[in-house]
Structure formats: C-alpha cells, structure tokens
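Protein chains get the first letters and strands the later ones, always in sequence-line order, with residue 1 at the start of each. None of these values were measured; they are calculated from a predicted model.
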Number of protein chains: 2
Amino acid sequence: MKDTDDKLTSRNIKPTAMRELVLDILTEQKMAISLSDLEQKFHKSDKVTLYRTLKTFEEKKLIHSIDDGTGAIKYALCKETCQCHPEDLHVHFFCLKCQHTFCLSNIPIPSINLPVNFSVENINMVVKGVCSNCND
Amino acid sequence: MKDTDDKLTSRNIKPTAMRELVLDILTEQKMAISLSDLEQKFHKSDKVTLYRTLKTFEEKKLIHSIDDGTGAIKYALCKETCQCHPEDLHVHFFCLKCQHTFCLSNIPIPSINLPVNFSVENINMVVKGVCSNCND
DNA sequence: AAAGTTTATGCAACTGAGTTGCAAACTAAT
DNA sequence: ATTAGTTTGCAACTCAGTTGCATAAACTTT
C-alpha cells in the first residue's frame, strides 16, 4: 500500500482506504473504465463515493477522462509526469468489437492549425475502429 | 420549400412537414445544436419526434453528430457530398466562453499512424478553447 | 374512391449517467 | 478528548436519450 499511498500524496490527495482501493483498481486496468465499471468491481459500494473519488483524482491530474462517445465517461491513469496540458495529451482508441477504450499513450495528438484568433485549451481525439486483438 | 424537399429526397428521406421544418432550422444555424436546443426553436413540439427526425437525418448522412463533451450531442449539416467517411471528417471546436460548438469544415482530421493491426472507421476530434469571437 | 398497408407522429413512461444535499463517520490538530 | 475539517453513504433528483404503443398521415392495391 505504501506505493499507492505515495502516488496519492504526491498528487496532494489524502490517502483514505477508499481511495487506495480505487487507485489500485485503476492501476490494474489495461483499458479505461467508467464509473459503473468501477462500481461493479466492488461487492458493496456507493456510486457517489466512487464518483467523487474519480472527480478528485481527475482534478489532481492522477487520472484523465475520456469521452469515447458511448455515453459513459471513461477514466485512465495519467503518466507520472502528466499535467494534462495539450502537449501531454494522447490519442484514444475505441474498439467497435470489444467495446473497450484504450489510451494510445505514445501517439500524441497532432497539432492543428486553427483559424486566426482561436486559442486551444484541450483536445479530445478518439479513433473508433477495430483493435489488433479483435482484428484476427 | 422546393429546395428543402430536394435535399431530403436526394438523401432518401421522405419530405414531411416536420422534417422540412427541422431541416430549415438546421440550415439556418451557424453552429451545431443539440436536441434540446432544437426543441426550444419550436413553440409546441414533441422531443421524441425531433429525436427521431435527427436520427433519421443522421442515418441518411444529411447531418452528422458531434460529441463535444458537454453531455448533449450536437448536430450539424453535412456537406452536399459528405458520406461521413474518415476522409470526409473535419475537426470540431467547442468554445469554453460562448459554449458553442462549430464545424471547422476546412480543417480535415489529421491522419494518425495507428499501431499494427488496428483499423479505423471513424474519428472524433474536438478542440476546446476560445473562439475568435470571444477572444477579443 | 375504399380498404388495407406502411410510415410518421405524439404521448407516457422509463433508463442510466451524472449530480446535489444532508447527515453520519472519520481524520487531524489542538 | 474536543473541535474543525474532510470524506463517506444514503436518498433523491436532473437531464439526455430511448422504447412502446396508439393515433394520424401517406402510400398502395384493388
């Protein structure tokens, strides 16, 4: 638990039992998960607490949220150094077959030439298709 | 109305009074609108009918939907020739100030080098920031 | 044109994600 | 231990999207 604790405190999040559990679950995941996915990992749990835990994590940039168009926001761990600035952002992939959402962590979002006088804060880029796992 | 009718029939949509009205409203818009935005353009209207109208339009590729992360899907007219294939797609912009969502119709979505064995069907790219209107 | 078939519309009612308010439980600090 | 601040759990709500079903309108066939 020490490791988990450190991750929390280093992001200025008070390490409670609940938060440790949630962070551990998030760490195990190979793919992004939604609030209700998370809820189902617990036998008995309160959606609201999990909701607020995710919000806190997101605020403190421990995780980032992905709107993959399925109607449920997904969450995935940020890299250690991530500040969620445009230069930290990567492309996400949603597989139409297995319905999973992944971070393509090593594919940065390509920069865009916006019209004059437009400024950027954030970019959400989700590619939908079939992942390598489902493609054979 | 002849023009509106033609647009509908050319996309294989039976031109009803309702659909003409909706298409006209969509044509007037400079920005993408949501179902509830659309609903408010009518004095008396049924959300479900509008909902199904939008669904039909989208299916027939008369309009495309934009998930801008606000929680309500926005819709905007497609170009005449649009088939909503990856090569037809463009970037969308959401202004954090005026809360409006635009098509950046002349900014195509940059192509991405996906990992091996991944195939693409669709890409959603929404840039969030401040638009030129709100930036001075 | 009348009867029958298909398609579109309108109403009610529901689902599911996300959210708020409040009280109880917990934590930290004096 | 007492207090102040934070976190958790429950109830209850909002709002977008959706389904079922009955009526109305449009098309088809005789």
Side-chain angles (χ1 to χ4, degrees), chain A residues 1 4-5 8-9 11-25 32-60 62-76 94 99 101 124 126, chain B residues 1 4-5 7-9 11-26 32-60 62-76 94 99 101 124 126:
Chain A
M1 280 300 111
T4 308
D5 255 44
L8 289 170
T9 47
R11 290 283 189 176
N12 271 310
I13 303 165
K14 258 193 246 172
T16 66
M18 195 73 229
R19 289 170 175 171
E20 282 167 8
L21 271 170
V22 172
L23 178 52
D24 283 346
I25 290 172
I33 66 171
S34 69
L35 173 57
S36 39
D37 293 339
L38 180 61
E39 205 181 348
Q40 281 162 19
K41 304 265 172 195
F42 290 82
H43 293 98
K44 190 193 167 300
S45 68
D46 179 46
K47 197 182 49 163
V48 180
T49 304
L50 297 173
Y51 166 73
R52 289 198 259 234
T53 303
L54 290 174
K55 280 283 171 190
T56 306
F57 284 8
E58 190 184 9
E59 218 165 83
K60 305 292 181 153
L62 183 59
I63 62 178
H64 61 280
S65 65
I66 306 141
D67 187 340
D68 59 12
T70 58
I73 295 172
K74 303 282 165 58
Y75 299 88
F94 176 72
Q99 305 272 306
T101 303
N124 184 39
V126 178
Chain B
M1 280 301 110
T4 308
D5 255 44
K7 266 196 185 162
L8 289 170
T9 46
R11 290 282 189 176
N12 271 309
I13 304 165
K14 261 194 246 173
T16 67
M18 194 72 226
R19 288 168 175 173
E20 281 167 9
L21 272 170
V22 172
L23 178 52
D24 283 346
I25 290 172
L26 285 165
I33 66 171
S34 68
L35 173 56
S36 38
D37 293 339
L38 180 61
E39 206 182 347
Q40 280 163 18
K41 306 264 172 195
F42 290 82
H43 293 99
K44 190 193 167 297
S45 69
D46 179 47
K47 195 181 53 162
V48 179
T49 305
L50 297 173
Y51 166 73
R52 289 198 259 235
T53 303
L54 289 174
K55 280 281 171 191
T56 306
F57 283 9
E58 189 185 10
E59 218 165 82
K60 305 293 181 152
L62 182 60
I63 62 177
H64 60 280
S65 63
I66 306 142
D67 186 340
D68 60 11
T70 58
I73 295 172
K74 304 282 165 58
Y75 298 88
F94 175 73
Q99 305 271 309
T101 303
N124 184 38
V126 178

Rounding to a whole Å, what distance do you find between [X]:[atom1] and [N]:[atom2]?
| X | N | atom1 | atom2 | value |
| --- | --- | --- | --- | --- |
| B/Asn12 | C/dA8 | CG | C1' | 16 Å |
| B/Leu54 | C/dA8 | CG | P | 15 Å |
| A/Glu59 | C/dT19 | CD | C1' | 15 Å |
| A/Leu50 | C/dT19 | CG | P | 14 Å |
| B/Leu8 | C/dA8 | CG | P | 12 Å |

Given [options], which nucleotide is nearest the side-chain atoms of [X]?
| X | options | answer |
| --- | --- | --- |
| B/Asp46 | C/dG10, C/dT19, C/dA8 | C/dG10 |
| A/Thr16 | D/dT7, C/dT9, C/dT19 | D/dT7 |
| A/Arg19 | D/dG17, C/dA17, D/dT8 | D/dT8 |
| A/Val48 | C/dT19, D/dG20, C/dA8 | C/dT19 |
| B/Leu35 | C/dT9, C/dA17, D/dG17 | D/dG17 |

| B/Phe42 and B/Leu21, any side-chain heavy atoms less than 4.5 Å apart |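 In contact.
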
Between [N] and [X], is there an OP1 or OP2 to side-chain N/O distance shorter than 4.0 Å?
| X | N | value |
| --- | --- | --- |
| B/Lys55 | D/dA16 | no |
| B/Tyr51 | D/dT18 | yes |
| A/Ser36 | C/dA17 | yes |

Testing the basics here: between [X] and [Y], what is the closest heavy-atom pair and its distance to 0.1 Å?
| X | Y | value |
| --- | --- | --- |
| B/Asp67 | B/Asn124 | O-ND2, 3.5 Å |
| A/Gln99 | A/Phe94 | O-CE1, 3.4 Å |
| A/Phe57 | A/Arg19 | CZ-O, 3.6 Å |

| request: Check whether the side chain of B/Arg52 and the base of D/dG17 form a donor-acceptor pair under 3.5 Å. | output: no

| said: Need to verify one output field. Residue with the more 5' nearest nucleotide on DNA chain D, A/Thr56 or A/Lys47? | reply: A/Thr56

